[in-house]
There are 2 protein chains.
Amino acid sequence: MAQTRNKFDFEDLLDKHHLKKTSPRLRVLSMMASKSTATSQPDLESVMNDIDRVTLYRILNAFEEKGIIHKVFDLNGTANYAMCSSNCGEHHHHDEHLHFNCTVCKNVYCLDDLHLPPVSLPEGFKTEGFTLYANGTCPKCTKKAAAKSA
Amino acid sequence: MAQTRNKFDFEDLLDKHHLKKTSPRLRVLSMMASKSTATSQPDLESVMNDIDRVTLYRILNAFEEKGIIHKVFDLNGTANYAMCSSNCGEHHHHDEHLHFNCTVCKNVYCLDDLHLPPVSLPEGFKTEGFTLYANGTCPKCTKKAAAKSA
DNA sequence: AATCAAATGCAATATTATTGCATTTATAAT
DNA sequence: ATTATAAATGCAATAATATTGCATTTGATT
């Protein structure tokens with residue numbers, strides 16, 4: 001939800017997870033936190049083109065394992081990353097919210113506060129987690145479209 | 001749900017969509033229809049290793065466009081394909097069912113007859129489609145685990 | 001300031017996906 | 001049946017994406 005965070009928040013975050021506070025990591029965090037949508041891996045790469053690709057992979061993996069960010073695949077199967085809400089921990093992701101993928105701007109929105117209605121599965125299926133995906137047009141793109149057709 | 005289909009069903013299917021009845025296509029169809037779960041692209045490739053990789057890509061794309069199969073990404077972001085239920089058509093996918101990804105055997109189950117409860121989105125989001133994902137342990141793997149621990 | 005482990009960057013390699021073109025194949029027309 | 005054709009396949013080349021090993025650098029600790 002892109003609540004404003006400052007430099008020190010990120011340093012604390014890394015501290016908490018026993019990760020060293022390096023410049024690439026802090027930059028990745030601040031980029032992701034500055035956006036209201038998830039950030040695609042390609043976007044990350046092009047914006048942080050001075051950071052080695054491999055380093056980026058490793059940072060993202062480390063963050064994901066620690067429960068700092070979560071990964072979500074968009075309609076094209078490309079990985080997007082977003083900050084986890086507070087209740088995620090190491091190996092305990094609770095990102096059971098709605099992921100909305102805009103078909104126009106391709107952005108992925110994490111709608112955290114939208115909790116899913118309970119779904120009962122057929123006999124024998126033991127569920128660990130749910131994720132609901134929706135695709136369509138996001139508010140921004142809906143507005144733009146309306147402005148054009150007016 | 002892997003209803004038994006014979007050779008002629010597949011030929012009809014291809015006919016209906018104005019696709020030529022070629023041997024690679026028929027093989028892909030029969031493989032997918034023989035399974036109760038979605039088929040991962042790697043699996044398809046290894047089983048059909050005599051079919052060119054490129055051909056496989058093109059077949060899958062063609063089938064998807066025509067609404068014969070649908071693509072679903074599993075937990076690892078690898079593409080899986082499954083036959084569409086009858087109400088899918090060209091550019092009109094209605095695979096709004098539950099995709100269950102077993103964390104043990106990695107299989108993706110399409111639970112067609114499970115319809116999602118209605119979800120209301122925040123102001124401004126216009127939804128075209130929903131997909132619900134769940135992960136956990138499938139009946140087979142649950143059984144196996146129970147047998148072992150007994 | 002010195003030490004040590006962790007993280008980064010680079011090179012090499014592997015995997016996955018795409019494009020262009022020559023050849024083959026299924027269909028439709030003769 | 002034979003032939004013409006458009007479509008589909010297979011191959012080669014290339015692009016894009018992901019992984020591994022290792023030398024170097026950096027952050028934290030003493």
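Residue numbering restarts at 1 for every chain, and letters A, B, ... go by the order of the sequence lines.
- Asn76(B) places no side-chain N or O within donor-acceptor distance of the main-chain N or O of Thr78(B), the cut-off being under 3.5 Å.
- Between Pro24(A) and Ala79(B), the residue anchored closer to the 5' end of DNA chain C is Pro24(A), taking for each the nucleotide with the nearest heavy atom.
- Which of dA28(D), dA8(D), dC10(C) sits closest to the side chain of Thr22(B) comes down to dA8(D).
- Contact annotation: side chain of Arg53(B) to base of dG10(D), donor-acceptor pair absent below 3.5 Å.
- At least one donor-acceptor pair closer than 3.5 Å links the side chain of Asn101(B) to the backbone N or O of Leu75(B).
- Atoms CD1 (Ile59(A)) and C1' (dG27(D)) sit 14 Å apart, rounded to a whole Å.
- Across the protein-nucleic acid pair, Tyr57(A) atom OH and dA16(D) atom P stand 13 Å apart, rounded to whole Å.
- One interatomic measurement links the two molecules: CD of Gln41(A) to C1' of dT16(C), which rounds to 14 Å at whole-angstrom precision.
- Here the C1' atom of nucleotide dT8(C) and the CG atom of Asn49(A) are 16 Å apart, to the nearest Å.
- For Asp52(B), the side-chain atoms get nearest to dG10(D) when compared with the rest of dA18(D), dG10(D), dG9(C).
- With rounding to whole Å, Lys71(A) atom NZ is found 11 Å from dA18(D) atom C1'.
- Contact between the side-chain N/O atoms of Arg25(B) and the OP1/OP2 oxygens of dA8(D) is found at a separation under 4.0 Å.
- Of the listed nucleotides (dA17(C), dA5(C), dA12(D)), dA5(C) has the atom at the smallest distance from the side chain of Lys20(A).
- When distances run from any side-chain atom of Arg58(A) to the nucleotides dT26(D), dA8(D), dC10(C), the shortest one goes to dC10(C).
- Under a 3.5 Å cut-off, the side chain of Asp43(B) and the backbone N or O of Ser40(B) do not form any donor-acceptor pair.
- Sequence order on DNA chain D of the closest nucleotides to His18(B) and Val54(B) puts His18(B) first from the 5' end.
- Residue Asp50(A) contributes atom CG, which lies 12 Å from atom C1' of dT8(C) at whole-angstrom precision.
- Thr55(B) comes within 4.0 angstrom of a base, heavy atoms only.
- Asn76(B) places its CG atom 15 Å from the C1' atom of dT16(C), with the value rounded to the nearest Å.
- A distance-only check finds a donor-acceptor pair linking the side chain of Thr142(A) to the backbone of Cys138(A) [under 3.5 Å].
- Atoms CG (Asn61(A)) and C1' (dT20(D)) sit 13 Å apart, rounded to a whole Å.
- Although no hydrogens or angles enter the test, the distance criterion places no donor-acceptor pair under 3.5 Å between the side chain of Thr39(A) and the main chain of Met32(A).
- Each of Pro42(B) and Lys21(B) has a nearest nucleotide on DNA chain C; the 5'-most of these lies closest to Pro42(B).
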